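Take a look at the following structure, please.
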Amino acid sequence: MNIIVIGGGAAGLMAAGTAAEQGANVTLFETNEKVGRKLFITGKGRCNVCNDCDAQEVLRNVPVNPRFLYSALGAFSPADVKAFFEEKGVALKTERGNRVFPVSDRASDIIDALFLWVRRTGVSIVHASVSDLVMQDGRVTGVRAGKKTCLADRVIVATGGASYPQTGSTGDGYRFAREAGHTVVPANPSLVPLVESGETCRSLMGLSLRNVQLTVFENEKKIYTDFGEMLFTHFGLSGPLVLSASAHMRHFGSKSYRVEIDLKPALDEKTLDRRLLTDFDKHKNSDFINALGELLPRKLIPAVIEKSGIDPREKVNTITKKQRASLLRVLKCFPVEISGKRPIAEAIVTTGGVSVREVSPKTMESKKCSGLYFAGEVLDVDAYTGGFNLQIAWSTGRLAGLSAAQEEEQA
């Protein structure tokens with residue numbers, strides 16, 4: 001059995017090594033000089049391998065087409081992923097939100113383990129770009145790379161989406177799928193920085209906030225809230241907390257979005273009000289703008305004051321209870337209107353891809369073209385942050401590799 005895998009990322013490496021373990025003769029095509037390039041930047045270079053949870057929890061974190069993943073997760077669960085890497089010598093640890101990382105905090109350990117594994121199983125790695133699929137009578141028979149045609153019994157497309165094109169995810173997989181007769185759901189950015197409709201964030205550019213709570217409103221309805229770290233930029237908002245929130249904001253153009261930041265989530269309003277009264281008492285003869293230095297980062301103070309509607313030069317001892325209530329609302333619900341997302345090239349993952357209605361969930365084989373399989377982000381399945389997107393890559397890659405390596409009568 002000759003199998004070609006296109007793409008040396010998480011899904012492609014898993015598919016290639018799995019198929020080779022089943023006795024297939026596997027050739028992996030990767031455009032970059034090294035495999036796993038996108039893995040290097042996941043989890044801020046630490047690689048959030050998976051989430052330490054059961055399959056049902058993974059599915060709850062997949063907003064689009066979760067049912068498609070039942071078989072894949074049943075065959076290769078988060079527990080299986082952990083066992084796989086630990087057997088390869090990578091010690092793992094679990095952090096907040098059940099996120100699993102290498103103990104070393106180095107994504108390179110995950111990549112090295114995968115690379116050594118695929119080489120040990122006999123996978124041949126070719127650093128070249130595939131230009132086209134070769135098909136005959138409704139069946140894939142190989143690929144073209146440059147001027148060379150490489151024949152194969154099965155082809156697995158694991159090219160990723162269209163995010164971070166510098167890592168090799170250029171959307172080629174979508175083109176291959178269309179050539180084979182597939183419907184491709186338009187790709188859009190997910191897990192991506194957000195663009196503000198005003199100028200507040202620009203004035204706060206470079207300010208990083210830790211231990212804040214962010215809530216997303218869609219047409220005034222609260223749809224998501226989480227706690228963590230974020231960053232103000234010249235265009236809007238970024239950071240882990242914001243990237244997670246962006247995955248829930250899927251209807252720009254037809255719906256409006258706003259985020260509210262609780263700058264002091266550890267303090268309820270009564271406790272925060274008492275804190276304000278204490279600070280105001282210390283600075284009762286000062287201008288208001290000089291009374292918040294112990295409560296907020298210096299760069300944030302002018303923006304908070306502006307949104308509170310209080311004159312920055314008003315004396316603290318003249319501030320009314322009503323004005324203080326206005327300030328409290330801003331501290332607990334600092335608003336930022338969102339106009340959209342940053343471009344798809346800046347997204348960690350994309351939503352959209354090969355329609356899963358045209359792919360067998362039990363094998364990852366195309367229903368349109370015999371012998372053609374898909375795995376990973378190229379499929380129209382994506383998840384929230386926390387290791388769930390890599391879990392999809394591992395599980396679909398594993399299933400595609402196992403299925404492709406089976407003999408025809410078993411497929």
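Note that this is a predicted model, so its numbers are computed, not measured. Just so you know, residue 1 is the first one in the sequence shown, and it goes up from there.
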Regarding Thr278 and Asp281, do their side chains bring together a donor and an acceptor under 3.5 Å, going by distance alone? no
So does Asn32 get a backbone contact from the side chain of His127, meaning a donor-acceptor N/O pair under 3.5 Å?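 Present.
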Test your reading of the model: is there a side-chain donor-acceptor pair from Glu260 to the backbone of Val336, 3.5 Å cut-off?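 Flag not set: sc Glu260 to bb Val336 has no pair under 3.5 Å.
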For the student: nearest non-hydrogen atoms of Cys201 and Gly236, plus distance: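 The pair with the smallest heavy-atom distance is CB-O, 3.4 Å.
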Determine whether the aromatic ring centres of residues His182 and Phe176 are separated by less than 6.0 angstrom.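 Ring centroids of Phe176 and His182 are no less than 6.0 Å from each other.
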What's the spacing between Leu295 CG and Leu267 CG if we round to 0.5 Å? 8.0 Å
Checking side-chain polar atoms at under 3.5 Å, does Gln391 have a donor or acceptor matched by the opposite partner on Ser395?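 Yes, because at least one side-chain N or O of Gln391 sits under 3.5 Å from a partner of the opposite role on Ser395.
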Side chains of Ser197 and Ser339: do they bring a donor and an acceptor to under 3.5 Å?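 Judged by distance alone, the side chains do not pair up.
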Determine whether a donor-acceptor pair (N or O, by modelled atom type, separation under 3.5 Å) exists between the side chain of Ser203 and the backbone of Thr200.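 A pair under 3.5 Å: yes.
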Contacts under 3.5 angstrom, residues 88-95 side chains, donor-acceptor by atom type, not counting sequence neighbours:
{"unit_1": "Lys93", "atom_1": "NZ", "unit_2": "Glu95", "atom_2": "OE2", "d": "3.3"}
{"unit_1": "Lys93", "atom_1": "NZ", "unit_2": "Asp105", "atom_2": "OD1", "d": "2.9"}
{"unit_1": "Lys93", "atom_1": "NZ", "unit_2": "Asp105", "atom_2": "OD2", "d": "3.2"}
{"unit_1": "Glu95", "atom_1": "OE1", "unit_2": "Arg46", "atom_2": "NH2", "d": "3.0"}
{"unit_1": "Glu95", "atom_1": "OE2", "unit_2": "Arg46", "atom_2": "NH2", "d": "2.5"}

Would you say NZ of Lys299 has more than 12 non-hydrogen atoms from neighbouring residues, nucleotides or ligands within 6.0 angstrom? yes
Applying ring-ring contact (aromatic ring centres under 6.0 Å, His included) to Tyr384 and His248, what does each step give before you reach the verdict? CA-CA 8 Å; Tyr384 303 136; His248 299 260; 3.8 Å; yes
Could you walk me through whether Arg258 and Glu220 pass the salt bridge (charged side-chain N to carboxylate O under 4.0 Å, His left out) check? CA-CA 8 Å; Arg258 180 181 81 257; Glu220 301 305 318; 3.0 Å; yes
Grab the two heavy atoms, one from Leu237 and one from Phe235, that are nearest each other, plus how far apart they are. O-CE1, 4.0 Å
Sidechain-backbone polar pair: Thr233 side chain, Met205 backbone, donor-acceptor under 3.5 Å: no
Got more than 12 heavy atoms from elsewhere within 6.0 Å of NZ, Lys148? no
With Asp273, which of Lys321, Arg324, Lys332, Lys264 fulfils salt bridge (Lys or Arg N to Asp or Glu O under 4.0 Å)? Arg324
With sequence neighbours left out, write down each residue that passes side-chain hydrogen bond (donor to acceptor under 3.5 Å, both in side chains) with Lys82, or none if nothing qualifies.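 With neighbours one apart ignored, the set is Asp52.
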Side-chain donor-acceptor pair present, Asp172, Thr159, cut-off under 3.5 Å: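 Judged by distance alone, the side chains do not pair up.
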Can you give me the closest heavy-atom contact between Val140 and Cys369, atom names plus distance?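 Minimum heavy-atom contact is N-SG, 3.5 Å.
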Side chain of Asn2, backbone of Leu151: donor and acceptor closer than 3.5 Å?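 Looks like no, no N/O pair under 3.5 Å.
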Distance-only, no hydrogens or angles: does the Asn51 side chain make a donor-acceptor pair with backbone N or O of Gly97 under 3.5 Å? yes
Give a yes or no on whether the backbone of Thr350 and the side-chain of Asn188 come within a donor-acceptor separation of less than 3.5 Å.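 No, Asn188 side chain to Thr350 backbone: no donor-acceptor pair under 3.5 Å.
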Could I get the full list of side-chain hydrogen bond (donor to acceptor under 3.5 Å, both in side chains) partners for Ser246, not counting sequence neighbours?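 Result, side-chain hydrogen bond (donor to acceptor under 3.5 Å, both in side chains) vs Ser246: none returned.
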If you measure from the Lys or Arg side-chain nitrogens to the Asp or Glu carboxylate oxygens, is any gap between Glu57 and Arg60 under 4.0 Å? yes
Output field: ring centroids Trp394/Phe84 closer than 6.0 Å: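 No, the ring of Trp394 stays outside the 6.0 Å limit from the ring of Phe84, centre to centre.
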Flag the pair Leu133 / Ile6 as yes when at least one side-chain heavy-atom distance between them is below 4.5 Å, and no otherwise. yes
Distance from Ile289 atom CD1 to Ile310 atom CD1, nearest 0.5 Å? 12.0 Å
How about Lys341 and Leu194: do any of their side-chain heavy atoms sit closer than 4.5 Å? yes
Check: Ser244 side chain, Pro240 main-chain N or O, donor-acceptor pair, under 3.5 Å: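 Indeed, once roles are kept as given, a pair shorter than 3.5 Å links the two residues.
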Pairwise side-chain contact, Leu209 with Leu263, heavy-atom cut-off 4.5 Å (strictly under): yes
Looking only at atom types and distance, does a side-chain atom of Thr18 sit under 3.5 Å from a main-chain N or O of Met14, one as donor and one as acceptor?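 Yes, the answer is positive, given that a donor and an acceptor are paired below the 3.5 Å cut-off.
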Give the ring-plane orientation class for Phe252 versus Tyr257, where under 30° counts as parallel, over 60° as perpendicular and anything between as tilted.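 Rings of Phe252 and Tyr257: tilted, as their planes differ by 30° to 60°.
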Residues, nucleotides or ligands: over 12 heavy atoms within 6.0 Å of Arg119 CZ: no
Output yes when a side-chain donor or acceptor of Arg398 lies under 3.5 Å from a complementary backbone atom of Val81, and no otherwise. no
